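Start at 1 and go down the list; that is how both ligands and their atoms are numbered. Here the structure is a predicted model, which means the values were calculated and not measured.
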Amino acid sequence: MFRPRRLRKNEMIRAMVRENHLSVNDFIYPLFVEEGENVKKEIATMPGVFRYSLDQLDAELKEIVELGIPSIMLFGIPKHKDEIGSESWNDEGVVQTAIRYIKLNYPQLYVIADVCFCEYTSHGHCGVLVPAVGAKDGMDVDNDKTLINLEKQSISMANAGADLLAPSGMMDGMISTMRDALDLNEFSDIPIMSYAVKYASAFYGPFRDAADSTPSLGDRKTYQMDPANRIEALKEAALDVEEGADILMVKPALSYLDIIRDLKDTHDLPLAAYNVSGEYAMVKAAAQNGWIDGEKVMMEKLVSMKRAGADIILTYHAKEAARLL
Ligand code: PBG
């Protein structure tokens, strides 16, 4: 008889035959930086995650470094929003200022800038909104007008000292546009991590509270992907590879482990999974109710992302998980 149980007999042998391992080196920790002073506000829907103004960020940055988390991804919450999100390419903007501060004082942190407009536009969409016949509420994001602004934002983030740029707007051509702009401005060494496969997901709910980025009209379904689609994910990824992406990302992670595996099997670029706000909130809520063991569920879901094929995990659990590793 085959007896697979022999290799499960105790933790020593289980550890020897374990196929996948989490490491703190896998993690990118997302951080919300709010313009202003004296802000340290816990996000109601994401217990343990805070919005900070730059003057309140040091304790958090020190903790991240001490835990050995190598990288952070910055999201900005600016004071001034407008129709096109022009604050996103202000060289003195909240994220640009934060990048300069962090690179100066915490050079051991690899700083990633999320490149998008939804936190900067008055309507909360990820680009320039224009009238569109037949669109929900009569408006839609104009792809190519948004690309022009994406260049400006990318150069501004690169100038501030970002180590890597991560465009999350799901605009067609965003990777080639950014690559060309970076290369022409002597930033040919800055890599791009594309949110290549980003679904129009209800799991982003808590993030939109955190970043004040809920669309005031319509939805994101004309640019983010339909959760029912798989073949399209391969197409999106292939386009981004062709356009020059250095790292591919799938987002959200948990309901899309099959897509992570598909991309791992079809592409040789490093692959990231974004364990999004709703996935975090569900674990926290159930754990607070005593319905699940929060730590165990957290570690199980993180290792499942690695097993699916993720090399990198963006997660709000990074600090807690690092403590357990
Ligand atoms: C958009 C962006 C979103 C997230 C990261 N970047 C939200 C959205 O598309 O609505 C979501 C992250 C999360 O839910 O944790 N720039």
Side-chain angles (χ1 to χ4, degrees), residues 27-33 43-51 72-78 81 84-85 87-89 93-95 112-129 141 146 149-150 153-154 157 162 164-171 174 178 192-227 236 249-256 272-285 298 301-302 305 310 312-319:
F27 297 146
I28 297 172
Y29 187 57
L31 271 183
F32 298 96
V33 193
I43 297 153
T45 49
M46 301 172 72
V49 180
F50 292 78
R51 279 157 70 146
I72 54 174
M73 163 113 102
L74 296 176
F75 293 100
I77 301 140
K81 303 193 183 207
I84 57 172
E87 182 63 19
S88 67
W89 63 85
V94 58
V95 171
I112 301 175
D114 178 88
V115 184
C116 192
F117 298 96
C118 61
E119 301 116 63
Y120 300 92
T121 51
S122 43
H123 43 72
H125 275 283
C126 302
V128 179
L129 215 50
V141 171
T146 300
N149 295 342
L150 190 63
Q153 188 184 161
S154 301
M157 295 299 175
L164 178 150
L165 302 184
S168 61
M170 286 296 280
M171 294 301 124
M174 66 181 184
M178 285 175 62
I192 300 174
M193 174 164 70
S194 179
Y195 287 68
V197 181
K198 178 174 177 183
Y199 287 92
S201 170
F203 285 98
Y204 306 147
F207 174 94
R208 293 181 186 173
D209 290 344
D212 291 338
S213 62
T214 308
S216 57
L217 74 174
D219 53 42
R220 301 208 207 285
K221 289 181 187 170
T222 67
Y223 41 106
Q224 297 179 351
M225 273 180 54
D226 184 339
E236 278 284 0
M249 190 204 296
V250 174
K251 176 181 176 185
L254 264 194
S255 289
Y256 301 89
Y274 199 138
N275 176 211
V276 299
S277 57
E279 298 170 343
Y280 175 85
M282 289 195 301
V283 174
K284 289 291 162 193
M298 166 181 77
K301 71 172 189 168
L302 292 173
M305 292 165 201
I312 299 167
I313 303 175
L314 294 105
T315 180
Y316 305 98
H317 290 296
K319 289 196 300 175

As an exercise, identify every atom of ligand 1 less than 4.0 angstrom from a heavy atom of K198.
1 (C), 2 (C), 3 (C), 6 (N), 8 (C), 9 (O)
Would you mind running through ligand 1 and noting each atom that sits below 4.0 Å from a heavy atom of C118?
1 (C), 16 (N)
Could you tell me whether R51 and D212 make a salt bridge, using a distance below 4.0 angstrom between a side-chain N and a carboxylate O?
yes
Rounded to the nearest 0.5 Å, what's the gap from CD1 on I112 to CG on L31? Could you check?
11.0 Å
Near S168 (heavy-atom distance under 4.0 Å), the atoms of ligand 1 are 1 (C), 6 (N), 16 (N)
Check whether any side-chain heavy atom of P252 sits under 4.5 Å from a side-chain heavy atom of E279, and report yes or no.
yes
Which atoms of ligand 1 have any heavy atom of Y316 under 4.0 Å away?
12 (C), 13 (C), 15 (O)
E279 touching ligand 1 at heavy-atom level, < 4.0 angstrom
no
Value rounded to 0.5 Å, distance of OH in Y223 from SG in C126
4.0 Å
I need the atoms of ligand 1 closer than 4.0 Å to a non-hydrogen atom of C116, numbered in the order shown.
16 (N)
Looking at Y204, is K198 sitting on its ring face, NZ or CZ under 6.0 Å from the six-membered ring centre and within 45 degrees of the normal?
yes
Atom 14 (O) of ligand 1: closest protein heavy atom, distance to 0.1 Å, is S277 OG, 2.7 Å
Find all atoms of ligand 1 within a distance of less than 4.0 Å from any non-hydrogen atom belonging to E119, and give their numbers and elements.
16 (N)
Taking 4.0 angstrom as the limit and counting only heavy atoms of K251, give me the atoms of ligand 1 inside it, by number and element.
2 (C), 3 (C), 4 (C), 5 (C), 6 (N), 11 (C), 12 (C)
Atom indices of ligand 1, in the order listed, that fall short of 4.0 Å to a heavy atom of D114:
6 (N), 16 (N)
Using a 4.5 Å cut-off on heavy atoms from C-beta on, say whether the side chain of L254 contacts that of F203.
no
Can you tell me how far the CG atom of N275 sits from the CG atom of L314, to the nearest 0.5 Å?
9.0 Å
At a 4.0 Å cut-off, with the gap strictly under it, does some heavy atom of F117 reach an atom of ligand 1?
no
The single option from Y316, F32, Y280 passing ring pair (Phe, Tyr, Trp, His ring centres under 6.0 Å) against F207:
F32
